[in-house]
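Atom set for the values below is all heavy atoms of this structure, side chains included, hydrogens, waters and symmetry mates excluded.
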Amino acid sequence: GQCTSANSSSISLTTLATIPWSEGFTGSTNTPAGWSITGWTVGTTAGAVGNPANTLYKNLYSSATTGTFTLPSFATIPTGVKLQYQYALTNYNSPYGDPGAGWGSFQWQISVDGGAFTNIGGAIIATTGATYIAGPDIDLSSYAGQNVQMKLNATWSAGDYYLSFDNFNLLPPCSNPAAPTSLTQTSSSINSINISFTPPSPAADAYLVVRYPAGSVITLPVNGTAYTAGQALGLGTVSNILTGTSTCTIAGLSAGTSYD
């Protein structure tokens with residue numbers, strides 16, 4: 001005969017993310033797929049803004065002294081992969097400056113194939129000057145071929161501030177393209193110049209043109225980060241993003257001003 005059982009069971013499945021992977025919180029204020037961010041917020045507020053869109057932030061102070069979030073689980077880590085990210089520290093109250101040394105720290109942890117989380121790298125205590133800086137890369141080379149998940153634990157020590165994170169990337173290693181040559185100014189007007197250059201071979205996928213006030217310290221772009229024209233990059237401003245061309249007009253210049 002045919003029998004039917006009233007007993008049942010269920011299983012929980014976790015979808016693994018794959019590499020290359022990035023998260024810049026640009027499209028939504030919802031919790032990204034695979035993340036756990038209890039106590040954190042995706043969005044912007046007066047003292048915590050994204051770079052350039054939303055950010056993942058938490059207010060740490062004497063009554064909220066810890067914060068933890070986890071990234072998605074990743075399948076089969078390739079050789080040479082590093083976790084890259086940016087973070088910022090800003091005081092809770094205007095003018096939202098850097099809280100200074102002694103604010104606290106954060107520590108990355110890693111879980112392999114669903115096991116217990118253990119520390120990876122050292123505790124991060126560097127201040128940021130109230131702007132985003134690149135956190136130390138987390139080298140995952142020793143986990144090649146394994147499934148991993150990463151967790152961040154933040155700890156307050158003093159002050160009342162926002163701790164914000166943005167522009168997470170897990171990217172396979174790549175070789176830097178050669179630099180363009182024969183950079184030439186072809187024409188100019190009172191507020192713009194036209195330039196051309198010779199691309200290397202093989203050519204890069206795209207070229208980022210950044211204008212700086214003369215003598216400024218140059219800030220390198222962050223691998224895996226999408227930039228837009230008009231966006232600040234350190235003391236400079238992204239003026240053009242070139243694909244498929246080696247000529248452009250750099251506009252918005254001030255008469256009588258020197259640029260690098």
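Side-chain contact between D137 and L83 is absent, with no heavy-atom pair separated by less than 4.5 Å. Annotation: side chain of I138 is in contact with side chain of I120 (closest heavy-atom distance under 4.5 Å). In this structure the side chain of I250 reaches within 4.5 angstrom of the side chain of N240, judged on heavy atoms. In this structure, the side chains of S196 and S246 stay at 4.5 Å or more apart for every pair of heavy atoms. Proximity of T247 to N194: side-chain heavy atoms (C-beta onward) are nowhere separated by under 4.5 Å. Looking only at side-chain heavy atoms (C-beta outward), F74 and N147 stay at 4.5 Å or farther from each other. A 4.5 Å side-chain heavy-atom check between I110 and L140 finds at least one atom pair inside the cut-off. Counting heavy atoms from C-beta on, the side chains of S105 and I124 never come closer than 4.5 Å.
Between W156 and Y61, the ring centre distance reaches or exceeds 6.0 Å. Annotation: F165 is in aromatic contact with F106 [ring centroid separation under 6.0 Å]. Aromatic ring centres of Y161 and Y92 lie farther apart than the 6.0 Å criterion allows.
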Test log, rule side-chain contact (heavy atoms from CB on, under 4.5 Å), inputs L171 and V81: CA-CA 6 Å; L171 302 173; V81 166; over 6 Å; no
Test log, rule side-chain hydrogen bond (donor to acceptor under 3.5 Å, both in side chains), inputs N59 and D160: CA-CA 7 Å; N59 177 207; D160 184 359; 2.9 Å; yes
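The two atoms that bring S254 and Y259 nearest to each other are N-OH, 2.9 Å, heavy atoms only. The two residues P199 and Y207 come nearest to each other via the heavy atoms CB-OH, 3.4 Å. The heavy-atom pair separating G104 from I125 by the smallest distance is O-CG2, 3.7 Å. The shortest heavy-atom contact between N54 and S28 is ND2-O, 3.6 Å.
In this structure, S36 OG and L71 CG are separated by 10.5 Å, a value rounded to the nearest 0.5 Å. For the atom pair OG1 of T68 and NZ of K58, the computed distance is 7.5 Å after rounding to the nearest 0.5 Å. Atom CG of N51 and atom CD of Q231 lie 6.0 Å apart (nearest 0.5 Å). Atom CG of L170 and atom NZ of K82 lie 12.5 Å apart (nearest 0.5 Å). Atom CD1 of I133 sits about 5.5 Å away from atom OG1 of T128, to the nearest 0.5 Å. Rounded to the nearest 0.5 angstrom, L89 CG and D98 CG are separated by 6.0 Å.
Side-chain heavy atoms closer than 4.5 Å link hydrophobic residues (I, L, V, M, F, W, Y) into clusters, and following such links, even through other members, never connects Y85 to F117. Residues I193 and V209 share a hydrophobic cluster, clusters being chains of Ile/Leu/Val/Met/Phe/Trp/Tyr side chains in contact below 4.5 Å. I218 and V210 fall within the same hydrophobic cluster, where Ile, Leu, Val, Met, Phe, Trp and Tyr residues are linked whenever their side-chain heavy atoms come under 4.5 Å apart, directly or through other members. Taking hydrophobic clusters as Ile, Leu, Val, Met, Phe, Trp and Tyr residues chained together by side-chain heavy-atom distances below 4.5 Å, W108 shares a cluster with W21. No chain of hydrophobic side-chain contacts below 4.5 Å, direct or via other Ile, Leu, Val, Met, Phe, Trp or Tyr residues, connects L208 to F197.
Shown are N169, D166, T131, N167; of these, the side-chain hydrogen bond (donor to acceptor under 3.5 Å, both in side chains) with Q86 is made only by N167.
Enclosure of atom CG in D205 is not indicated, since only 12 or fewer non-hydrogen atoms of other residues, nucleotides or ligands lie within 6.0 angstrom.
Listed by chain and number, the residues in a ring-ring contact (aromatic ring centres under 6.0 Å, His included) with F25 are W35 (sequence neighbours excluded). The ring-ring contact (aromatic ring centres under 6.0 Å, His included) check on Y143 picks up nothing, with sequence neighbours excluded.
Using modelled atom types, one side-chain atom of Y212 and one backbone atom of T219 make a donor-acceptor pair closer than 3.5 Å.
Note on ring orientation: taking the six-membered ring where Trp is involved, the planes of F69 and F168 are perpendicular (angle over 60°, cut-offs 30° and 60°).
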